[in-house]
Asker: 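Okay, here's the structure, questions in a sec.
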Amino acid sequence: MSTDPEKPTEQESDVTRREFLGTAGAALVVAAAVPGVAVEGQTARPAGTPSRPRTQIRLTVNGAQRRLEVDDHWTLAEMLRDHLRLTGTKLGCERGECGACTVILDGKTVYSCSYLAVWADGKSVTTVEGLAKNGALDPLQQAFVVHDAPQCGFCTSGQLMSAKALLSANPAPTVAEVHAALAGNLCRCSNYSRIAEAVVAAGAAGATRRTSGGGQ
Amino acid sequence: MKTFANANARSVQDAARRARDARQTGQHASFAGGGTDLLQLVKERIVSPDLIVNLKTIPNLSQVTRSSKGVSIGGLATLDAISRDETIRRDYPVLAEAAASVATPQIRNVGTIGGNIAQRPWCWYYRNGFPCYKNGGNQCFSFAGENQFHAIFGGGPSYIVHPSDTAPALVALGATIRIAGPSGERAVPASEFFVLPRQNAAVENVLADDEVIASVDLPSPVAGTRSRYFKVTDRETWTHAVVSAAVVMQMEGETCRAAHVVLGGVAPIPWRLPNVEQMLADQPITEDLAARAAEAAVAGARPLSHNAYKIPMTKGVVRRTVLQVAGKT
């Protein structure tokens, strides 16, 4: 990832499973590379290949200001996952159908696989990594744990972002409202009832906290 | 995804000129409103732009403006914003309902009115790269193939259905599409914006390659106007209409003074039903009249091998929506 304009900000101290796999994968790619075929950031582009259009952007990612140089054709998901290493955002279908890549952009949910990074210039992005505060899970995430909302877990970050946006607009939604708001997020394990239950519970718990918090 | 350059447009004319200039140097340029449809087409290699002209950077292009003449909706207004706009919900409910019925929240948050009416067809042959009329070829694979979601009206030589939910609503409301090109603007009635395959099977509308939709303008509603959008889908969410109806009626008590009835999901363009509109005009709306209007709605329908079910479905949708608008259900 030598093309990164910035060092990754959130890194575990030890080698993670993902880094190990990434390194091992890169070694395999290099070993298998055909001469003249460029592997991004690893081998030089063949002479005469036009350079890719790039653009400097500024945006806020999970509350932190970032300045980045992005390829114009990068999707927001690509920028977040491959270049900021915010891999909590998942890519399922990569064509705006499954919702695994859902992030919140200026308060609204978007499919980050279907939005260019360069279009996010000047905007504020929240990913699933931005939900927990000071090491404590967001109450919504806690409700997902308590209600067994994740099964395989692949869709969970997208479900959480749609649910987070819903709760911001409608703090105590009904089951029907949750289903409508999460209609753009598929769950292949089909755990929809538990997911809706978790979001309703998070809303109800928030309402209780707000009520009791005022009086105590 | 394919490599391309992004250019942030400063005005609709700037956008049009950038597209024209790119073409003059042999490059392929595409406009991106929300970009949700465009990026899928690029990923599927159905469109291969060298330049994407980003319309999101044009100031005020997403505004909804009210005036004595009606409402002007900027081409970049999102479907989500339109579905929530108080004036549109009050005066043009058919459009608010149509916008709210599109795809998913994530798509409605990004997808625009301009992009919704100018989106490419969702025929599975086109989207899977078959060399059909829409992909530069000279045949329609649905005619002898899998055509359960294809046209029963207006087909030939291509049998796509127009995928937009807002388009039938705009035709029924008598909207005007304001189009900006490199050297100026023109206004086209929504009823003349869409193009039948027999006129030009490669495209769905009158937009030239270097023209963008600047706004969609709605006339002030006449007193007593009521409207609804009714959409039948094969699953509850994230899909296009199998059959839909946009119905706008000017009511005086029980009597309909004027009606506009436009179908979605059944033809390559929003399919207006002038014979039904004439039947309803200056008549009290009764169950019997709605049933006769439903029969008249499918006069001239020509189903393909797998979509004859759309005929009874269309009748049901017309009958039901007319009664709903008249307050009879």
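First the proteins, then the strands, lettered A, B, ... as listed; each starts at 1.
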Asker: Relative to chain B, which segment of A:Ala181 carries a heavy atom at a distance below 4.5 Å: side chain, backbone, both, or neither?
Answerer: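 A:Ala181 touches chain B through backbone heavy atoms alone.
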Asker: For the residue pair B:Trp238 and A:Tyr111, does the interplanar ring angle fall in the parallel (under 30°), tilted (30 to 60°) or perpendicular (over 60°) class?
Answerer: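 Parallel: the ring planes of B:Trp238 and A:Tyr111 meet at under 30°.
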Asker: Which region of A:Val110, side chain (C-beta onward) or backbone (N, CA, C, O), has a non-hydrogen atom less than 4.5 Å from a non-hydrogen atom of chain B, or is it both or neither?
Answerer: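 Backbone plus side chain of A:Val110, per the 4.5 Å heavy-atom cut-off to chain B.
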Asker: Heavy atoms, side chains only, cut-off 4.5 Å: are B:Ser227 and B:Tyr92 in contact?
Answerer: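 Sidechains of B:Tyr92 and B:Ser227: no contact.
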Asker: Measuring heavy-atom distances to chain B, does A:Leu116 have an atom under 4.5 Å in its side chain, in its backbone, in both, or in neither?
Answerer: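 Both backbone and side chain.
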Asker: Please classify the contact between B:Ile107 and chain A as side chain, backbone, both or neither, with a heavy-atom cut-off of under 4.5 Å.
Answerer: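 It is both, since atoms from each part get that close.
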Asker: If we only count heavy atoms from C-beta on, is the A:Arg81 to A:Lys90 side-chain gap below 4.5 Å?
Answerer: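 Result yes, sub-4.5 Å side-chain heavy-atom pair found.
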Asker: Is a side-chain donor-acceptor pair under 3.5 Å present for A:Thr127 with A:Glu129?
Answerer: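 The criterion, which ignores hydrogens and geometry beyond distance, is satisfied for A:Thr127 and A:Glu129.
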Asker: Before giving the answer on side-chain contact (heavy atoms from CB on, under 4.5 Å), spell out for B:Glu146 and B:Trp124 the whole-Å C-alpha distance, their side-chain angles and the decisive distance to 0.1 Å.
Answerer: CA-CA 9 Å; B:Glu146 297 294 328; B:Trp124 36 41; 3.7 Å; yes
Asker: With only heavy atoms counted, which part of A:Thr55 is less than 4.5 Å from chain B, the side chain, the backbone, both or neither?
Answerer: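 No part of A:Thr55 comes within 4.5 Å of chain B.
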Asker: Does any heavy atom of chain A fall under 4.5 Å from the side chain of B:Glu44, the backbone, both, or neither of them?
Answerer: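 Just the side chain, heavy atoms under 4.5 Å.
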Asker: Using a cut-off of under 4.5 Å for heavy-atom pairs, which of B:Arg108, B:Lys56, B:Met1 has the most such pairs with chain A?
Answerer: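 The candidate making the most pairs under 4.5 Å is B:Lys56.
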Asker: Looking at A:Cys113, A:Ala180, A:Ser162, which one has more heavy-atom pairs under 4.5 Å with chain B than the rest?
Answerer: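 Answer, by heavy-atom pair count under 4.5 Å with chain B: A:Cys113.
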Asker: Heavy-atom cut-off 4.5 Å, strictly under: side chain, backbone, both or neither for B:Asp37 against chain A?
Answerer: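 Answer is neither: B:Asp37 stays 4.5 Å or more from chain A.
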Asker: For B:Thr237, is it the side chain, the backbone, both, or neither that has a heavy atom closer than 4.5 Å to a heavy atom of chain A?
Answerer: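 Interface part for B:Thr237: side chain.
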Asker: Which atoms form the tightest heavy-atom contact between B:Gly129 and B:Ile46, and what is the distance?
Answerer: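 Looking at all heavy atoms of both residues, the shortest contact is N-CD1, 4.4 Å.
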Asker: Where does the angle between the aromatic ring planes of A:His83 and A:Trp74 fall among parallel (under 30°), tilted (30 to 60°) and perpendicular (over 60°)?
Answerer: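 Rings of A:His83 and A:Trp74: parallel, as their planes differ by under 30°.
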